[in-house]
Structure formats: structure tokens, C-alpha cells
Amino acid sequence: MRHRLAWPLVTLFLLLAVNTAFNPSFLHIQWRDGHLYGSLIDILNRAAPLVLVSLGMTLVIATRGIDISVGATVAIAAALAAWMIGGSVAGDVSRFPMPVAILGALAIALVCGLWNGLLVAKVGMQPIIATLILMVAGRGIAQLITGGQIITIYYAPFFFLGGGYLLGLPFSLFIVGAVFAALYLAMTRTALGLFIQAVGINPGAARVAGIQSRRLIVGAYAFCGLCAGIAGLLICSNVKSADGNNAGQLLELDAILAVTLGGTALTGGRFSLVGSVIGALIIQTLTYAIYSLGVPPEINLVVKAIVVFIVMLLQSPEFRAFIGKAIRRPALHEGRP
Amino acid sequence: MTPESANPILDLSGIAKHFSGTPVLRDVKLRLHRGEIHALMGQNGAGKSTLIKVLTGVIEPDAGRMLLEGQPVWPKSPLAAQKLGISTVYQEVNLCPNLSVAENIFAGRYPRHGLAQGFRIDWATANRRAREVLARVGLDIDVERLLASYPVAVQQLVAIARAISIESKVLILDEPTSSLDDDEVRKLFEVLRRLRDDGLAIVFVTHFLNQVYAVSDRITVLRNGGWVGEWRAADLGPQALIAAMLGREIAAQSTAPAVAPAFDNSAPPLLQALGLGQARQLQPVDLQVRAGEVLGVAGLLGSGRTELARLLFGLEAPDRGVLRIDGSEVKFGSPADAIAQGLALCPEERKTDGIVAELSVRENIALALQARMGVRRFLSHAEQTALAERFVADLGIKAASVETPIGLLSGGNQQKAMVARWLATQPRLLILDEPTRGIDVAAKQEIMEQILRLARAGMAVIFISSEMSEVVRVAHRIVVLRDRRKVGELPAGSSEDAVYELIAAEHA
Amino acid sequence: QKKIVLGFSQVGAESEWRTANTESIKSAAKDAGIELKFSDAQQKQENQIKAIRAFIAQKVDVIAFSPVVASGWDTVLKEAKAAKIPVVLTDRAVDSKDTSLYVTFMGSDFTEEGRKAGRWLVEKMKDTKGDVNIVELQGTVGSAPAIDRKKGFEEVIKADPRFKIIRSQTGDFTRAKGKEVMEAFLKAEGKKINVLYAHNDDMAIGAIQAIEEAGLKPAKDITIISIDAVKGAFEAMIAGKLNVSVECSPLLGPQLMTAVKDIMAGKPVQKRIVTEEGIFPMEVAAKEFPKRKY
Amino acid sequence: MNPAPPRRFNLKYLPLAATVSLFVAMATLGSAMYTGFFSAQVFLNLLIDNAFLIVVAVGMTFVILSGGIDLSVGSVVALTTMVCASLVEHRGWSMGTVIPLVLAMGTAFGAFMGFLIERFRLQPFIVTLAGMFLARGLCYLISIDSISIGNETFAAVSQMRIPLWADASLSVGAAIALAVLLAAIFIAHCTGFGRAVYAIGGSEQSAVLMGLPVRGTLIGVYTLSGFCSALAGVIFTFYMLSGYGLHAVGLELDAIAAVVIGGTLLTGGVGYVAGTLFGVLMLGIIQTLIAFDGTLSSWWTRIVVGLLLLAFCLLQRLLTQRAPKA
Ligand SMILES: Nc1ncnc2c1ncn2[C@@H]1O[C@H](COP(=O)(O)OP(=O)(O)OP(=O)(O)O)[C@@H](O)[C@H]1O
Ligand SMILES: Nc1ncnc2c1ncn2[C@@H]1O[C@H](COP(=O)(O)OP(=O)(O)OP(=O)(O)O)[C@@H](O)[C@H]1O
Ligand SMILES: [Mg+2]
Ligand SMILES: [Mg+2]
């Protein structure tokens, strides 16, 4: 375990170091307005939705699947929450009580996840197509809910979810922490982790061994949908509005990238939850670096590409061996029979 | 030791290999001559397959020397080895399930036509030639069908056909006979003898001593990664061979019939199948098995034994007949239902239906038990380790530790772990489909004894094996299948010949 | 008399502005008794070309569309011309040299919007001394409004060396990105920032939240300029959090229908129909707000 | 021993047959519902408007058959249009020099990614994702604005139509796409390379042990996809007569969808190039149906696209349910 996460961690620290080198106040954290304030806090807070979605995605990928509809699910959940809370400039009334709105959003996200899971496990569609359907239609549904508008939310208590602070830390971190802890316990203290890996590595063998892989797969997608729903709530609470077209745009790619950077293979099986969290933090730190280092927007993508290339090469044992050999070139022939 | 060692075609010496610290091969040698069949022997995990992979360029050794016809060579990949004239059948069937049988035989060296024979694959010729090579190993199948639609035994024959159809100087066969029945083995040996007479050097790995003496001219024995010795087959009796492999003496495979214990014949059947069948796969079969009884299932390749086991276990849905457990009718939608009723199936195809390669030996052994106990009743790490270590010791599974991924174990050891997985569930009825495939002499004995011990404790067992001698030794009753139809039942103590007679009888 | 059939290919539904634009066209068509064939291109030029080809195959009377991007229309417009279907451009122009390919172009001028924003800033800052440090939130990299609004703004402020754009980053026209980028700007530049220029209102609204969360007062500590003048911007201005928004009117519907009718009646139409657009500083916001339709 | 049961129709073509018949069903539906739909040109337009997608998807088919994925295709198309446009417009190069150059560039780009994937055992998804960022980023380095091509040869080729019958005609791009498709079918089924791709998709380990040239084939697959993307980029340049960094956004997903809808398994080893053509046509006809309908609002457009996709996939599953287990 330690070994597998070493390189993602090294990458994260390198990125933090680069940030600090260019911006000395980067690591600076101060107490302001009753909470902690600083770049690191921003990164954690901003990474929260991505971490959540990556956790869900990790499970789906572990079962040999993929879910490209998470961005759309985020948009649907956000749209429904915003609609249920409603918008009046007064700011102290909501259309439905807030808990109902939150449960409604989570419920619809769960339904999205279940839908994907059923298409994959029961109908037997290929995951990428099954989730493509929701990816395409989902944003339409979100826009249908919002009427194509950006719904601005004025109801202040709702802002606590994605923008409030508890014990000086962003409240979203507590949500992420809770989801992570629950998931981690479920994976290590029950047989779920073992079963999911078995299904991901060899579905045939898992079936013969008596594992009910369909249920597990549906469960994984449902959980992924739920995570996306929570992420949607955090995002829409943080920007105090819901945007059916743009909320969670390209989140699926970032989430998959986070999972892979964390060392989980897209071919399924062995997975690492901690790795996915680190992967998400790497992505957010990189994004933050691009913004705060004054990188011109037109080369954002090139910078991102180069960092991803470096990160994945660093993580490749073959590449490290290759570099090692290149350095010790003269000794190459001795080991060779 | 032998006089012929003068001019070997292939001469390996000083081969060493270790995987992450553990030595797997230590100073091993192997000398092959033209026109000989050379048996490579050793217990499970002795290093036979590793040695073969070293010499065909799959893995790179730490040290060693290889001379091919006196020239130092070192193939860097199986492709390079093939070009040097070494053709190989690896232990696990390493073919592509998604390609047709003919393609699997000709992949990489298709017959062509057009533009001076280099242009386009000539499928008609490929299919025709595929049928010809398969005929040499006694197989007559539709070569355009996907390989995956055939059972392992057929796949194994296809792999052999591929290897012998490659023009080569050295032919290596790693446990080619593990799923084959006696008839197929006989045909294969005829082919091998012919090839030997044509001057080929053949390496042959097996755990069946009788097969060793049937074809091989010379024997090299490995033990624990070390080289023990090289003998002429005629000079090394079975007892001595076993002693060389194990490093100690044990009684050679007992042939005494009916070691099976007595059981209560009047008890109501635990499982009863009435007219159970599936269109085109299995004609309706009647069958019953009681607690404490070992029911053997015998038949030739493709006779429907695996199909029967899969139907009983809910892996496939029967479209006729009923299944009763404890007298009440059941319908299994999935293996999980069968497991809930106390059934267990150790499947024939360990690569696709058995091992979960990247999980550890511990997790693999605990998997079925855990699935049966459910998600919440989680076996702790310590419990799993204890369970796994017990079976590792009992069955002699050779692994660096129980945390080793099972995919890294030798084939025989993987098989033992699969048997362990199902023994661990302590089912009421255990169906074993070819459980001894690729397992060495000592471990086979142990597994047989385990089965009988469990039967004595009241477990019902359905035992399927291509090795007729095993079936007649442990079974209380033998169901005989032929052409996907049950042709009869024989009592305990029947001889192998009696079974063969029954199989042959209705042919006439 | 046969109903006029108008085929309209919309860019997408990427923003409130666009939704208002679509609504305006739909309701105007209904009022004018014109049958509208509406097609949404999901922000892809390929899809718009496909839609135009489908309109040609259906033999509609007039084709109108808001080009996703200025370039690359010649081939399909020639096909339309060959099929004798007049074409009207709305909202964005095409850069075709052959202006006979379309009858008229109506809509706003993004560069001019940028200039208006710049002029307002120059006017506002004329009495202050010292450098004016500007941060810019750009639209989607490569999109026409982002390029032109940047260009127009820079054109105006470059006359005075006191104006310095110290940071410029894309916020993809969205609130969430606008907020995220502004957060990073505030951490990196701190109190140095005097002015925020956002290419649309949504990014400005997101940035305002970031400014507030950083303990600063939007529109006071940092002067905020944005473009579009959608409803949210007016709310922000009324709340005293946004200084000014430059109008970019999406209400092209009635104008378009008039043009379509004129074309069908054979009347001459102007090659360029400019929409009247204003600029709304926060002082007039409360008064203007009730009149706003989007 | 036992003769195989007699078969009238080879079951392995069932998914392909299902796709084709569903396409025909959709086309019939459209023709019945909308006037002007049932005309040769509408169907030829499917080819004309999706020529670049066909070419990209053909390259993608090989990648997916080998068990990989290539996310960079859309960006490479955009980069190709950008390089073409800037060389022709800003440097005044001729068509004859620019096209071979961009083709070589795309091919090299694919080969580079293939090399990384094969040599350092990196995951194709992440390598090609980085490739996607890189190619798109390079577009912006050339110019963030779009570049129109005024060059007459380009314009002439762009507007050239190959008359077929009556007034139905085909564009040069569509003709190239069909040629690529035929070549790809040949490569996939009648060459050692093609069969090696299938073998690797079935089991890479087995392919190595069978002595197939796995390394070269894997690199070759991504090289081929890079070439196809560049060629699609050239077709796209003719189609649009412009270079633009935001061209072909999301094309990779369309291509993957087309390949998978065409019956190819994302896990590799199973599928047909011909299926991919129908996958593309399927996506195209869904759009045509919606354009002809012309009453859907923006969000209903998305929902209906999703629903039609769902209906198609469900029917396809239903029709292929009886396919062999393997
Ligand atoms: N890649 C590997 N990593 C670690 N250990 C390995 C690896 N490959 C083989 N081994 C170990 O090497 C030993 C020898 O394995 P090998 O497969 O050569 O045995 P074998 O003699 O062929 O046995 P069997 O009769 O069961 O096939 C085994 O203990 C196995 O666990
Ligand atoms: N020698 C053979 N020739 C042709 N087909 C065969 C042969 N052996 C098996 N088959 C195929 O095997 C399938 C049924 O085999 P099944 O697995 O039920 O039998 P089995 O008795 O378990 O055989 P095995 O001992 O190989 O496991 C059929 O699809 C049949 O076509
Ligand atoms: Mg072995
Ligand atoms: Mg069998």
C-alpha cells in the first residue's frame, strides 16, 4: 500500500513545492473572520466535489466500468436542489424546506446512478454507452428543470453546505471526510472491498464463487451517482446558483484522471481510495497553480498536458528502470547472460 | 551420466532466476538431443514452467548459458524463440478466445495469396490446413467457430496442433495432457513419436508417471528450483523417480480399488435430478447423490460432464427436468442460490472460472466462504490468514506467503488453492470438475484423502475426472456419460475396463 | 397564403443570454405567424452545418443562424445560395469574403462592447492617481466574444499607461470558474487589484462571491465591469456589488422576423442591422430593472 | 466427434446485422414522418457531414479492438486544421506540401503516444488524455482565433462534388472516407497486422506467447489512429475551410460511441470495422431526425438524443441476446 501511493504523493508534494517557490505566501494560512484562510484551504475546499466524485468513480472503475455521466448528474442534482429551494431575493424563505430539497437532490442523483447500474448490470450494455446516454440526456434534464436559466439561490442557510465553516475549516471537508470514512470502513471492515475487486478482476470466477456481481455493480453505480449528487449540492451551494449547462462540466474526465493518477487501473480490480483522493488533490493543486502563477490562458492546456505526462512517467516502474539503466549504461551488459 | 550427451541440439546450463528475492531456479541444466522425448519432472512449483519460459524468451534469467546447435543464442521474446526453431505449448492455454480455431493455429504465419503470396490472408487454405493439423491430434471440429466456444480440453489440443504445425527443431509441451482423457493422450503420443522419429527434440512435462514411461526416452528432474539429475527413462523406476522429485520416499500411487467408506444407502437423497437437461447440450439425466456418498462421473471428452456439473450448480439454466434438494424442488437462478443450498462447484476452467489472479492466495481461498457468509459477516484478516495457512499446509501449496497474488503461483499450486477454496466452504454437496488437473503425485494423494475424509464426515461429493483410475478409486457409484447422454451407472469397485466397456458398448 | 417557413440554427443553450435569445426568436416567430424550424447545435459548428443542410433538403423559405464561429461557412452557404434560399446571420458575423452569400447580418458587435467597457473605465478613473491594476476574467479560450471583448477593451485602455492588466485567465463564462479563478487572483495579488473586467456577467457574479469571501467589498474595494446585462447583473448592481454592465441584447426575435418578412416580400434589407445596446451603471440599475425582459 | 449443429446464419454477424437493420428502421421512420427526408441527398449528406467522423472512428476501431482507447483524436483533428490553415494562409504554402506534412505530423503524434503506452506500460486512457490536452493546447499556441482559408485550391476541392445520379452527389471528403473504410476492412480481416490487433484485444499475454509482434502492433495501432485523425483533420479542413482551436470538441466521444454502437466491445478483441460505419450513420441519422423535426427546444434536443440512443441500444441488446455466450 505504502509503496503504491509513494509516487502520487511525491507528485503532490512537487506541485505544492512549485507553487510555494513561485508564490511565497502559498503555504501561509491565517485566521480571518472566524475561520482559516489561505491557498491550501482554497485547494481543499475546491477539491471537495472532485474528491467525492472520484471516490464514486473508483468503485465503478474497480468493477471494470466507467461512468461518464457524473457531470450530468451533478448538474441534475444541483438544478433540482436550486429549484426546490427556489429563488426570491428576500433570502429567508425557500419553496420546500431545505432538508427536503437536499434529500430530493440526493434521491434524484441516486436514481441516476441506479439507472446507469441497471443498464450495465441488468441490460448488459457497455458501461461507456450506458452512461453516455445519461451524459447526453442528463444536461437536458437539468436544463429542463432550470428552464435553461441559471437559478440563483438566495436562501442563506443553504450556503453553509458548500461555503460555510465548522471549527475553522470549510464544512465541505467534513462532508468529504464523512463519505470517505464511511466508504473506507465499508471496504475494509466488510467483504464489499474483496467482492468488488474479485468482480473487477475476474467476473466469471466471482460468479462461480457465489458473489452476486449484478447487485454489486448496480450498487457501485448508485454510490457513484450519490457522490455526484453530494458534489452537485456542494457546487451549487458554493456558487449560490445552479447552471444546468455548465455545472460539473468535464468533471467526469477529471475524476477518471484522478482515479488513474491515484494508481487504480482502468481495467478494474485493485483500487485505492486514498490514491484517488491524492489524485484529485493533484489535479486541483495543478489547476490552482495555473491560475495563481499567471500562466496565460492559451497555454493552460499545454502546461496541464506536460504535467500529466511527467506524472504518469514518474509513476511508471518501466520508465524509472529505463532512466536507471540509461544512467548506468556501461553496466548494462554484465547482467545479461 | 548418459553417453548421448555428446552432441546436444539444445544445451542449457547454469540457469538461475529469482523473483523478488526468492530463488526459483538455481544452477539448472537441460540437454536435449535430436530425436528424443525428454520428460521434465518435478513437484508443483519445482520450476519446470519457469525453466521453459526462460528458454523461450518469456522471462529473462539472472544467469545462465544456452547453446542451440553449439551456437550461443538467447531469444529475447517468444517470437525470437519461434524463429530459432523452438515451438512451445505453455501450461495455461495461451490462445486467443476471441479468434476462430483456425486463426489460433495460424496466427502470425497465415497462408497468403495474391501479389506473390505476400498480400492477403488466404482464409480457405488456412481453414483447410487447420482441419488437417487438428486431424493429426484426432480432433474433428468446426475450425471457424470461436475458440472460446470449446472446453479446455479442446483448447489444449488446439494449442498442441498449433505447436506441432510450426516447423521447428525443438518442441516444448508443458503439461499438454492435463485435461485430456486416455484416448486423446494415446493419439497425442503417436504424433509425438512420429515427430521424434523425424528428428525433433521434444520436452514434455507431466505429472502422470505412466505417461512418462509410455513415451519419454530421458528424464530430467527438478526439485525446489534445483537440478536433481538426468536419467534414461529405462534406468529410473517409478519409485526412484518419485524419490528424486520429492527428496523422500512415498508409496507409489495406490491402485487398490474402493477405498471409499461405507455409507447409509437407505438415506434419502440429498440431491436428485430428474430428467435434467438442456437442449443440444445435455440429454435429460436422472441422478441422485446422498450425504456421505462419492458419486463419480466418467466419460470421454465432450461427453457432457462439465455441462452436467454446471446445470446442477445453476451456472447454466436447464430447460427441462427438475432438481430436488432434500426432496423439495429448487430452481437456481445463479450459483449464489446453489451455494445458499449448501452446494459448491470447483470448476474445470481455473483460468476463466477459478482464480482471481491479482488477489492474494489468502483472499482467493477465503472468497467462496466469504461469499457464502455474506457481506457483513466479514472474515477478519487474521481469520482469513488462519484459514489459508491451514490449507497451504494441508495441500502443500507452494507460495512465498499467503499474501502472494495467486497469479504468480505455479499452475498446480493454483489448482490446489482452488480446491482449498471450495473445501473451505464445507458444503453439503461438493462438485469437483477435474480437481486434480496439473497436480503432482503427492498432492493428488492428499486431495483424494481429503475428499474421502469429508465424505466420511457426511458430505456428498460429485467427482468428475478424466483420469479413470481416480474415479474408480474414490467413487461409491459411477455415472457414465457418452455423447451428452447418461448411458449407465456402475457400483463401487468396478474396474476401469468396466467403465470403458460401458462407454464403448452402445457404440456398436 | 402559405406560411413562411424559417429554419433557424441556434448555437446551443450554454448561457442565460442564449436562452433569452432563443425565447425571443421563438415568441417573435409565433407572433409574426412564421413557422419556425428550430435546431440546436450543442455548440458545434459541424452540427450547424448539418442543420443547414437539413433545412436545404426540407426547402425552407429562409435560413437564419447564429454562427458558432466566424470562419468556415462558404461551402454550405454556397449550397444554400444554389438552392436559392436567402440566409440571415444573427448575433455573430461570418468572415466570408463573398458577402452575397447572406442577405443581412443583425446583432451586436463584441469588440464595441469591449470598447464601451474600456471607455467607461477610463472615464471613471480619470481623476484617480497612480496605477490602475486590472484583472481580467476571459471567456472560453478561442471563442469569438472572448477574443473580441478582450480586443476592444485593450484598444481603449492602452492609450493610458496607468492601466495595467496584471492578471488574465479564462473563467469559461461560468460562475463556478469565475469564482475559482478570482479566488486564486486574490490570494496571489491581494489588495493590489483595483479593477475586475469580466467578459460576461456570470463570471463577475462568481467573482463577487470570491471577493466577499476574501473580506473585501465588491464594487468599492474593487471596481467591477462586466458585459451582457442579464438579470443577475442587475440584481448585483442594485445590491451595490457590481459597478457596471454593458448591454448585449439577445432580443433579436422581432427584428429577425421583420427582416424575414421583408425578404420574402422582396423588399430590400440593409446588409448590417445593428441592435441598439446600452450600458448600465449601478446607479441606474434600480430604475431600469423593471423594464428588463431577460 | 459430434457434428456441430447446422447453422443458417453465422451468429457472430448478429450484432452487425442488428445494427444495420435498426439503422434501416430509423431511416424508414424518418422518411415516413418528415417530408423531404426520403431523398438520396439526405442519405448522402449523412456521409458528407460525417466523413471526418467515419475516418476518425475507423482509426478508433483498431485502437479499441486492441483493448485501448484514444482520446486525443478530436484535438488532433483541430490541430491539423490549425496547422493547415496557418501554413496555407500565413505562410502561403501549397496544398501539395501542407497535406503530406500534416499527415506525417498526426502519424508521428500517434506513434509517440503508442510508444509511451507500449514502452512504459502506461494506461492508454491517461496518455491519450494528456495527448488531447497537448494537441488542443498547441492549437492555441498557433492562434486562439480561427483562421479562414481563402486559398483557391482548397476552396475548389471543398466545393467539388462527385455527381452520382440525378442531382445527388458526394463530396471529396466522403469519397476519401469510404475509401478509408474499405482499406480498413481489408486491413482488419486480411492482413497479419489486423489479425494481431484482434489477438491482442483477446489476450495480450497470449498474443505475446504465441509469438505475435505485440510491441509493433500496439504502437502501430496508435500510429494508425494518429494518421486517421490527421486525415480526418484534412477532410475537416476541406469541410470547414478554416482552422480553429475549438473545432471537433468532443469528437473523441462521438467516435467511441460510434465504434461501440457499431458492435465493438470496449474490452477489445470483438467487433467489425463495417459496424463502425453504421455506428456513425446512426449518430448522424439521430441528428438529422432532430433537425428535420425542428420543434425541439435546446434541452429537449439533448433528452431526445439520449432517448433515441437508449432505444437503439436496448433494441440492439434485445436482438443480439441470442448470440453465443462467448
Ligand atoms: N512472476 C513470478 N513472480 C514470483 N514468483 C513466481 C513467478 N513465476 C513463478 N513463480 C514461482 O516460481 C515457482 C516455480 O513455478 P513454476 O511455474 O515454474 O512451477 P512448475 O514446476 O511449473 O509447477 P506446476 O507443476 O505446478 O506447474 C513457484 O513457486 C512460483 O510461485
Ligand atoms: N473431442 C471433441 N470433439 C469435438 N467437440 C468437443 C470435443 N470435446 C468437447 N467438445 C465440445 O465440448 C462441448 C461439451 O463439452 P462438455 O464440457 O460439456 O463436456 P465434458 O465431458 O465436460 O468435456 P471435458 O472433459 O472436455 O470437460 C461441446 O460444445 C462440444 O462441441
Ligand atoms: Mg508449471
Ligand atoms: Mg469437463
Peer 1: Can you tell which part of C/Ala239 gets under 4.5 Å to a heavy atom of chain A, answering side chain, backbone, both or neither?
Peer 2: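 Neither part, no heavy atoms under 4.5 Å.
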
Peer 1: Between C/Glu180 and A/Gln284, does any side-chain donor sit less than 3.5 Å from a side-chain acceptor?
Peer 2: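 Side-chain D/A pair, C/Glu180 to A/Gln284: present.
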
Peer 1: Hey, does the side chain of A/Asn246 reach the backbone of C/Glu14 with a donor-acceptor pair shorter than 3.5 angstrom?
Peer 2: yes

Peer 1: Would you mind reporting whether A/Ile150 and C/Asp202 have side-chain heavy atoms less than 4.5 Å apart?
Peer 2: yes

Peer 1: Side chains of C/Gln209 and A/Val239, heavy atoms from C-beta outward: is any pair under 4.5 Å?
Peer 2: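 SC-SC contact between C/Gln209 and A/Val239 confirmed.
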
Peer 1: So for A/Ile290, is it side chain, backbone, both, or neither that comes closer than 4.5 Å to the heavy atoms of chain C?
Peer 2: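 Its backbone and side chain both get close to chain C.
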
Peer 1: For A/Gln143, is it the side chain, the backbone, both or neither that has a heavy atom under 4.5 Å from a heavy atom of chain C?
Peer 2: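 For A/Gln143, side-chain heavy atoms alone lie under 4.5 Å from chain C.
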
Peer 1: What option among A/Asn238, A/Asn23, A/Leu293, A/Ile43 has the most heavy-atom pairs under 4.5 Å with chain C?
Peer 2: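 Top count of heavy-atom pairs under 4.5 Å with chain C: A/Asn238.
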
Peer 1: Given that the side chain runs from C-beta out, which part of C/Glu136 has a heavy atom under 4.5 Å from chain A: side chain, backbone, both or neither?
Peer 2: neither

Peer 1: Let's test your reading of the structure: which of C/Gly178, C/Gly12, C/Ala214 forms the most heavy-atom pairs below 4.5 Å with chain A?
Peer 2: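 Counting heavy-atom pairs under 4.5 Å, the top option is C/Ala214.
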
Peer 1: Before giving the answer on side-chain contact (heavy atoms from CB on, under 4.5 Å), spell out for C/Gln42 and A/Arg139 the whole-Å C-alpha distance, their side-chain angles and the decisive distance to 0.1 Å.
Peer 2: CA-CA 11 Å; C/Gln42 319 275 339; A/Arg139 292 211 175 268; over 6 Å; no

Peer 1: Please check if any side-chain donor atom of A/Asn300 sits under 3.5 Å from a side-chain acceptor atom of C/Gln169, or the reverse.
Peer 2: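 Judged by distance alone, the side chains do pair up.
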
Peer 1: Among C/Val181, C/Thr170, C/Ile205, single out the residue with the greatest number of heavy-atom pairs under 4.5 Å to chain A.
Peer 2: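 Answer, by heavy-atom pair count under 4.5 Å with chain A: C/Val181.
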
Peer 1: Under a 4.5 Å heavy-atom cutoff, which of A/Gly147, A/Gly163, A/Gly244, A/Ser241 has the most pairs with chain C?
Peer 2: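 Of the options given, most contacts go to A/Ser241.
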
Peer 1: Does atom NZ of C/Lys150 have more than 12 heavy-atom neighbours, drawn from other residues, nucleotides or ligands, at distances under 6.0 Å?
Peer 2: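 For C/Lys150, atom NZ is crowded (more than 12 foreign heavy atoms under 6.0 Å).
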
Peer 1: What do the steps show when you test C/Arg175 against A/Thr152 for side-chain contact (heavy atoms from CB on, under 4.5 Å), and what is the final call?
Peer 2: CA-CA 11 Å; C/Arg175 287 193 192 184; A/Thr152 306; 3.2 Å; yes

Peer 1: Given heavy-atom pairs under 4.5 angstrom as the criterion, report whether the side chain, backbone, both or neither of C/Lys177 touches chain A.
Peer 2: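 Only the side chain of C/Lys177 comes within 4.5 Å of chain A.
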
Peer 1: Does atom CZ of A/Phe13 have more than 12 heavy-atom neighbours, drawn from other residues, nucleotides or ligands, at distances under 6.0 Å?
Peer 2: no

Peer 1: Hey, could you give me the CD1/CD distance between A/Ile151 and C/Glu16, rounded to the nearest 0.5 Å?
Peer 2: 9.5 Å

Peer 1: Against chain A, label C/Val141 side chain, backbone, both or neither, depending on which of its atoms sit under 4.5 Å from a heavy atom there.
Peer 2: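 For C/Val141, side-chain heavy atoms alone lie under 4.5 Å from chain A.
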
Peer 1: For the candidates A/Gly38, A/Pro296, A/Cys236, which exhibits the highest count of non-hydrogen atom pairs separated by less than 4.5 Å from chain C?
Peer 2: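 Result: the option with the highest number of such pairs is A/Gly38.
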
Peer 1: Indicate whether any N or O donor in one side chain lies under 3.5 Å from an N or O acceptor in the other, for C/Lys187 and A/Tyr291.
Peer 2: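 Distance-only check fails for C/Lys187 and A/Tyr291.
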
Peer 1: Just wondering, are more than 12 heavy atoms of other shown residues or ligands nearer than 6.0 Å to CZ in A/Phe22?
Peer 2: no

Peer 1: Taking all non-hydrogen atoms of both residues, which atom of C/Ser168 and which atom of A/Pro297 are closest, and how far apart?
Peer 2: O-CD, 3.4 Å

Peer 1: So how far is it from A/Gln149 CD to C/Ser15 OG, rounded to the nearest 0.5 Å?
Peer 2: 9.5 Å

Peer 1: With a cut-off of 6.0 Å (strictly less than), are more than 12 heavy atoms of other residues, nucleotides or ligands near NZ of C/Lys26?
Peer 2: yes

Peer 1: Is it the case that the side chains of C/Arg167 and A/Ser292 hold a donor-acceptor pair, with the cut-off being a distance below 3.5 Å and no angle test?
Peer 2: no

Peer 1: C/Thr22 versus chain A, heavy atoms under 4.5 Å apart: side chain, backbone, both or neither?
Peer 2: neither

Peer 1: Check whether A/Thr146 gets within reach of chain C through its side chain, its backbone, both or neither, counting any heavy atom under 4.5 Å.
Peer 2: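 Neither part; nothing is under 4.5 Å.
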
